[in-house]
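Below is one structure, written out as structure tokens; the observations come after it.
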Amino acid sequence: MDAGTYPLFAVIGLASAVCGGFLFKYFAGHTDIALSRAVRADHNHQGGTDGRVESHNSRFGMREMNKRTITIFPFNWKPKSAIIEQHRSD
């Protein structure tokens with residue numbers, strides 16, 4: 001096998017892992033999805049389990065990612081609050 005195909009397989013594997021992780025998190029933690037018959041029979045199963053609510057509200061840590069400065073050469077990400085502070089005139 002050509003060594004140039006390894007990055008291709010790595011990207012496909014990483015994308016599959018991210019997609020699979022998201023699907024697992026969605027189906028295992030979403031409060032609207034009820035796989036159990038007892039839970040489906042309950043008319044108010046919204047937020048019945050604190051663990052499922054916390055899992056549904058988590059975003060793999062990405063919710064805070066855009067609020068930090070990230071430097072991966074040659075990419076430099078500045079959050080909006082840092083740009084506002086840099087250009088503030090008062």
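What you are looking at is a predicted structure, and each value in this text was computed from that prediction instead of being measured.
In plain terms, the two heavy atoms of F9 and M1 that are nearest each other are CE1-SD, 3.4 Å.
For the atom pair OG1 (T69) and CH2 (W77), the distance works out to 10.0 Å, reported to the nearest 0.5 Å. Considering NZ of K25 and CG of L23, their distance stands at 10.5 Å, rounded to 0.5 Å.
Linking Ile, Leu, Val, Met, Phe, Trp and Tyr whenever their side-chain heavy atoms come within less than 4.5 Å leaves Y26 and F24 in two separate clusters.
Applying the 6.0 Å contact sphere to NZ of K80 captures no more than 12 heavy atoms from other residues, nucleotides or ligands.
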